[in-house]
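Please read the structure below before turning to the comments.
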There are 2 protein chains.
Amino acid sequence: MVEETRERIMEATYRALCEQGYAALTMQDIADECDCSKSLLHYHFDTKEDLLVALLAHLLERFEDRVPVDDGDPRGQLVELVELFVFGGDRDLDEHRAFNTAMLELRAQAPHNEAFRRQLAENDAHVHATVAAVVERGIETGAFREVDPERTAAHLLAAIQGARIRWITIGDDAALREVREALVSDVVDGWLVAG
Amino acid sequence: MVEETRERIMEATYRALCEQGYAALTMQDIADECDCSKSLLHYHFDTKEDLLVALLAHLLERFEDRVPVDDGDPRGQLVELVELFVFGGDRDLDEHRAFNTAMLELRAQAPHNEAFRRQLAENDAHVHATVAAVVERGIETGAFREVDPERTAAHLLAAIQGARIRWITIGDDAALREVREALVSDVVDGWLVAG
DNA sequence: CGTACTTGACTGACTAGTCAGTCAACGATG
DNA sequence: CATCGTTGACTGACTAGTCAGTCAAGTACG
């Protein structure tokens, strides 16, 4: 029952953040979105910051759950990961946009918030390692050229992140498709597999 | 004299934004940093939003001034652009970091602010066109393979943006070097010039 | 003198957080 | 079986403080 309420608060906080933006977000906004009193929020989370740190953890957890496991074909899995990170997989594009907008808002707070920084670093390391592992396996199976897996993962993920930022901040969804094409056709198929 | 005061306010706003972050930034913070009263800020800028929109324009202008002009060698100029965008050129790395942190904070507001969105879109288009033009010239001179200049520019700039975000938000400066290497050695030298 | 610039004191709206108290559920006890 | 006490979840009213923005009054300067 408590867990259920906390979940309800998380979802309300997420929606309120998407609507108001981090800078304008108030506890009252969240309470309104949650159909409860501000006091309930403070009952479950001591401070506004605690609540938002919990939200970040919640969102990152939800995100990591969507990253698929190994399936044998390195090239196919790498392309699948790129698709997932760029377009959000089978999720609605608007939902994917809202999620990434919220994540960007939280990410932009990291330089001023140690707790945010730690959580993002942990998540980034996990995603980075996942991609690097696929590249490494591709090299082992002979499917990929002998590249530096870390560097390749950093390259792919940086490009994906950059495209998402551009999409979110200026609404350029052509950037998503362009970068997907560049990564799949040029980097993966045109350079990585062309051993 | 008016222009001088506005410039002083811009610099103070920039410093205050770097120190406090967008969400916590107050007009009093800016006034303190400027050694003036809040009222002076309101004399020159009607609202806080006006002031921050002006700051974004100011920062983008300063940034665009740093982008070098054509110099004949496409490969050299492309690498120079990558270096500039990743490491800030000849500027101090801390200064480059502060600048990009401030830009990220402002960028994260774009989804909720039309004026920010327009300015960022204009700037992005300009930078994008600059890089695409260099790629195009490289193709014309025979230095580069016959790629899609737009897509290549989007790819390069996205990766640079992504690396910067990672550097700024979780402090990973290895990401900067890794992505620089991937772009210069793999994308430019390993793929683009290898016609 | 008047125009451009700058200030300190002020205000009303809004903010995070507190606190006493309500209410339903539940177990114990006579 | 009835009633009492306890507990956890939750609320509405409140407070102390902060915020952007205003305004009358002043100064410097051409």
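Every chain is numbered from 1 and lettered A, B, ... according to where its sequence line falls, protein lines coming before strand lines.
- Proximity of the aromatic rings of A/His155 and A/Trp191 is defined here by a centroid distance below 6.0 angstrom, and this criterion is not met.
- One atom, NE2 of B/His42, and another, P of D/dG21, lie 5 Å apart when rounded to the nearest Å.
- As a whole-Å value, the separation of A/Glu4 CD from D/dC10 C1' is 15 Å.
- Considering only side-chain N and O atoms, B/His44 lies under 4.0 angstrom from the phosphate OP1 or OP2 of C/dT6.
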Counting only pairs under 3.5 Å, give me each side-chain donor-acceptor contact of residues 16-23 of chain A, with atom names and distances, residues two or more places apart or in other chains.
none

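- In terms of modelled atom types and a separation under 3.5 Å, the side chain of B/Lys38 and the main chain of B/Asp29 share no donor-acceptor contact.
- Around atom CD of B/Glu61, no more than 12 heavy atoms belonging to other residues, nucleotides or ligands sit under 6.0 Å away.
- Inspection of the B/Asn123 and B/Gln119 side chains reveals no N or O donor paired with an N or O acceptor under 3.5 Å.
- Under 3.5 Å, the side chain of A/Lys38 and the base of C/dG17 form at least one donor-acceptor pair of N or O atoms.
- Listed pair B/Thr5 / C/dT6 meets the phosphate criterion, a side-chain N or O lying under 4.0 Å from OP1 or OP2.
- Residues from residues 9-37 of chain A with heavy atoms under 4.0 angstrom of DNA chain D, sorted by number: A/Cys36, A/Ser37.
- An OP1 or OP2 oxygen of D/dC10 is reached within less than 4.0 angstrom by no side-chain nitrogen or oxygen of A/Tyr43.
- If you take CG of B/Leu52 and C1' of D/dC19, they are 14 Å apart, rounded to a whole angstrom.
- Under the 3.5 Å distance criterion, the side-chain polar atoms of B/Arg15 are matched with a main-chain donor or acceptor of B/Glu33.
- Computed from coordinates, the B/Asp46 CG to D/dT22 P distance equals 8 Å when rounded to whole Å.
- One atom, CG of B/Leu40, and another, P of D/dA25, lie 20 Å apart when rounded to the nearest Å.
- For B/Arg180 and B/Phe87, the positive end is not near the middle of the six-membered ring at less than 6.0 Å and at most 45° from its axis.
- As rounded to whole Å, 12 Å separates atom P of C/dT6 from atom CZ of B/Phe45.
- Across the protein-nucleic acid pair, B/Lys48 atom NZ and D/dA20 atom P stand 4 Å apart, rounded to whole Å.
- Atom pair B/Arg8:CZ and C/dT6:C1' shows a separation of 10 Å (rounding to whole Å applied).
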